[in-house]
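Comments concern the structure below.
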Amino acid sequence: MKLTTYNLNGIRARLPRFLEWLERERPDIVCLQELKCATELLPTADVEALGYQGVWHGQKGFNGVAILARGEQPQLRREGLPGDPDDTHSRYIEAEVAGLIVASIYLPNGNPVGTEKFDYKIRWMERLREHSDTLLREERPVVLAGDWNVVPEDRDVFSIGATAHDAVTQPATRDQWRRLANGGWTDALRAFHPEDPKLYTFWDYTAGCWQRDLGFRLDHLLCSPEAADRLRGAGVDRWARGEEKASDHAPTWIELA
DNA sequence: ATGTCAATTTTAAATTGA
C-alpha cells in the first residue's frame, strides 16, 4: 500500500497537474495540504471521478488539508488540533482508513522569526506533540504525514547559511521536532535514504532553485512503531516538481506492507 | 530582500502568505 503526502499550493490552480499525477501514480492514500480553497468550492467531483473518496477541511484563501483514499471512504476522526479553541486555521485532519490512523498536517511556516507567526508555530508544535503522544498510546499503526515546515538537520537543506534566518531551520523549531519524533516516531523518508545528501521535497520558485537543485526537506511521514514495522519503502516523486505549473513541493510517499 | 506564485480585495494593481 502506498501513502503519499502532497502540498499542492492551491488545488484549483493545480487541478490538471494534480489529476495527471493521481492517475499516473495511483497511490492508495493521499494527504493534501495548502488547498487554498473554501470547502464548498473544492473540486471533489474530479477526484471522485478517478475513484477516490475523501475527508476535506478547506479554508478560503489559504491553508486547507484533506485525506483521500482509492475505493474507500476515510472515516473522519478529527478536524483541527486540540489545545486551542481560538485556532481557526485549517491545518489538521485525521481519519481512519485501511486499518490505519492517518493525519494530514500543514504545520505553520512561522516566518518571519521573532514575530507572532513564529510563536504560533512553536505553540502549534507543542500541541501537535501532546496529541501525537495520545496517538502513540493507542498502540496502532499511525502515520503523521504532511508539510511540517521543519528542516530536521543541516543536511536536509541546500545551504544552512543561506537559510539561517528561516523559521524552518531555527533551533527552537528543531527542538520541537526532536522532542516529538523522539517520543517513538520513525522519520520514514530518512530511514530509507540514510546517506542521500540531496533528499529534498521542496524547491523555492525564486532564483532558479529547482533548476539548480537547491531544495529543502520539509514534507515528512512519521510512523508509529506499529506502522514502522510495516514500512517497505519511501521516496519522492521528483518528476512532478518539474512539470509546467507545478507546486513548489513534490509528492512524498511511503510503501506499507 | 528575492531571478516567484496563488488567492483575494482595495478588483486590473496592491496585499497577504507563503
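Just so it is clear, the values below take in all heavy atoms, side chains as well, and ignore hydrogens, waters and symmetry mates. Proteins come first, then strands; the chains are lettered A, B, ... in the order of their sequence lines, and each starts at number 1.
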Rounding to an integer number of Å, can you tell me how far [X] [atom1] sits from [N] [atom2]?
X	N	atom1	atom2	result
A:Lys245	B:dA7	NZ	C1'	12 Å
A:Arg212	B:dT4	CZ	C1'	14 Å
A:Trp148	B:dA18	CH2	P	18 Å
A:Trp210	B:dT2	CH2	P	25 Å
A:His249	B:dC5	NE2	C1'	12 Å
A:Leu214	B:dT2	CG	P	18 Å
A:Gln59	B:dA6	CD	C1'	15 Å
A:Asp204	B:dA1	CG	P	15 Å

Below the 4.0 Å mark, does [N] have OP1 or OP2 next to a side-chain nitrogen or oxygen of [X]?
X	N	result
A:Lys117	B:dG17	yes
A:Arg12	B:dC5	no
A:Arg14	B:dA7	no
A:Lys121	B:dA18	no

Mind checking the [atom1] distance from [N] to [M]? Whole angstroms is fine.
N	M	atom1	result
B:dG3	B:dT8	C1'	25 Å
B:dA12	B:dA7	C1'	15 Å
B:dA6	B:dT11	P	23 Å
B:dT10	B:dT16	P	11 Å

Taking the side chain as everything from C-beta on, heavy atoms only, tell me whether A:Asp46 gets closer than 4.5 Å to A:Leu50. no
Polar contact flag, side-chain donor to acceptor under 3.5 angstrom, A:Glu34-A:His249: no
Ignoring hydrogens and angles, state whether a donor on the side chain of A:Trp239 or A:Glu25 is under 3.5 Å from an acceptor on the partner side chain. yes
Touch class at under 4.0 angstrom, heavy-atom based, for A:Phe202 against every strand present: nothing
Closest to the [X] side chain: [options]?
X	options	answer
A:Thr206	B:dT2, B:dA18, B:dA6	B:dT2
A:Lys60	B:dC5, B:dT8, B:dA6	B:dT8
A:Lys36	B:dA6, B:dT4, B:dA18	B:dA6

Positive for side-chain contact (heavy atoms from CB on, under 4.5 Å) with A:Leu107, one of A:Gln33, A:Met125, A:Arg91, A:Gln176: A:Met125
Going by side-chain contact (heavy atoms from CB on, under 4.5 Å), A:Ile93 matches just one of A:Ile105, A:Ile67, A:Val102. Which one? A:Ile67
I want to confirm an ordering. Mapping A:Ala13 and A:Gly110 to their closest nucleotides on DNA chain B, which one lands closer to the 5' end? A:Ala13
Sidechain-backbone polar pair: A:Arg190 side chain, A:His193 backbone, donor-acceptor under 3.5 Å: yes
